[in-house]
Amino acid sequence: MKQKIVFILGSIIISLFSCTNKKENSSLKLTEVRIGVHNNAGGISLAAAAVEKGLFTKYGIKPVFTIVESGLAEMEAMRGDDRKLDIGYIGSGVAWNVVDGDGNGVSFVFFDVLSNAEMLIAKKDIFFDRNGNGKYDYDEIYQGLRGQTVYLEIGTTPGNWFKDLIDLINEGKQENEKLWIYSEVSSYLPDYTSPNSDERNKVTVVNTLNSRLPDGMDATGNMDIVVGFSPVTTMIINTNPDAEKIATTVGNFPVEKAFPSTWVASDAWLQENPELAQNFIYALYEAAIWRSDNLNQSIRKGEILAQVQEGVYDADGLIALSKPDYQEWFLSPTARGYIQMWALYEKAKKDVPSGHQIKSFKEAFKDSLMLNAIRTIK
């Protein structure tokens, strides 16, 4: 079977080609599904596992992949009047699109991974491990960030991730001691009120494409502190001896702020293709079970699917759920999976444009598709 793969950078298509999966039987009648995946381990490993195990063909699906550099372009392609995508993987930074009740809607349909792809990286000798415990605690990050400039792509997951990190760092501090954020991009801080006006506590955020961060941090660049997502973060750490990890999701965030990456689908596509949508989720769930026992292999297959060099993606960037995890985490509305989806929903509500309608949690999360897969596939 031929798999069309489209690469999108921003909203510009930059490459189109085909590849063949010899495991799939071309005699089967397949229905085309336009799928958005990301150029990182979390964003493509599940789709790659499904391709590797022939699961799309098993469920009558012909995948057409669009590989994006960020969720912004993906949401434009899925929510536009001339829809280009039916379903796809997203990070938490663009999850507000799911909660947005205006325009062409999309819904959560599958819980994928807990991502450790986002991280705060700095040049050495800016942050100091004063207590010698081998990591940077909140107060040590606080001291290092005071008065600094941080470069990140505001409209993607790092934008919200960094605001959450600042909130965690500020917990328990007096108002006049708290860090506060300044950015020339007003949409980044809607309704934001700084806790004080002390310039020593000011952290300036500069909107910068994720893809530009490695060059900005090299010896000739002017970026000392960045927040990015993989594979760019992996590239910086592996190739820049002057750079170090300061904070990561797993290392510095509590469970309720470690937001999951998910799969979302066009509401129109779901309504028009209920059986196809269910079969797609069956394929994802079976792929997730296989991936949990073959994570490194899934990531290598993802690199092949995305046509990037081996070793670009890093298994440390994600936490993949096993079959028992899915069964336990979605056993009841009070189980961990629902708690984390609810936390994602509450965070996403805050980013919906002012004046837009807000979908309820039940409207935003079409969990029946995933629950059917968990119950059906033994």
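Excluded from the calculations below are hydrogen atoms, water molecules and symmetry mates; all remaining heavy atoms, backbone and side chain alike, are included.
For Y338 against P333, the heavy-atom pair with the smallest separation is CB-O, 3.3 Å. The minimum heavy-atom distance between W96 and G93, with the atom names listed, is CD1-O, 3.8 Å.
With respect to D139 and K173, a salt bridge is recorded, a charged nitrogen being found less than 4.0 Å from a carboxylate O. The pair R212-E153 fails the salt-bridge criterion, with no side-chain N (NZ, NE, NH1 or NH2) lying under 4.0 Å from an Asp/Glu carboxylate O. Using a 4.0 Å cut-off between a side-chain N of Lys or Arg and a carboxylate O of Asp or Glu, D100 and R79 qualify as a salt bridge. Under the 4.0 Å criterion applied to side-chain N and carboxylate O atoms, K347 and D351 are assigned as salt-bridge partners. Salt bridge status for K84 with D82: present, with a side-chain N to carboxylate O gap under 4.0 Å. Ion pairing between K301 and E52 holds under the 4.0 Å rule for side-chain N and carboxylate O. D218 has no carboxylate O lying under 4.0 Å from a charged side-chain N of K123, or vice versa, which leaves the two without a salt bridge.
When only modelled atom types and interatomic distance are considered, D267 and N104 share no side-chain donor-acceptor pair under 3.5 Å. Between T262 and D112, the side chains place no donor N or O within less than 3.5 Å of an acceptor N or O (distance only, hydrogens not considered). Side chains of N176 and D198: a donor-acceptor N/O pair is absent below 3.5 angstrom, by distance only.
A tilted orientation is assigned to the rings of Y282 and Y59, their planes being inclined by 30° to 60°. Taking the six-membered ring for Trp and thresholds of 30 and 60 degrees, F111 and F330 have ring planes more than 60 degrees apart, a perpendicular arrangement.
Taking 4.5 Å as the limit, some side-chain heavy atom of K359 sits within range of a side-chain heavy atom of S107. Here the side chains of E328 and R336 are not in contact, with every heavy-atom distance at 4.5 Å or above. Side chains of V264 and N97 form no contact here, defined as non-hydrogen atoms less than 4.5 Å apart. A 4.5 Å side-chain heavy-atom check between I35 and V64 finds every atom pair outside the cut-off.
Checked against L46 for a side-chain contact (heavy atoms from CB on, under 4.5 Å), the options Y89, W263, W290 give a single hit: W263. Each of V205, I154, I181 was compared with L189 under the side-chain contact (heavy atoms from CB on, under 4.5 Å) criterion, and only I181 meets it.
Less than 6.0 angstrom separates the ring centroid of Y326 from the ring centroid of Y285.
Remark: K163 qualifies as a cation-pi partner of Y188 under the 6.0 Å distance and 45° angle criteria applied to the six-membered ring.
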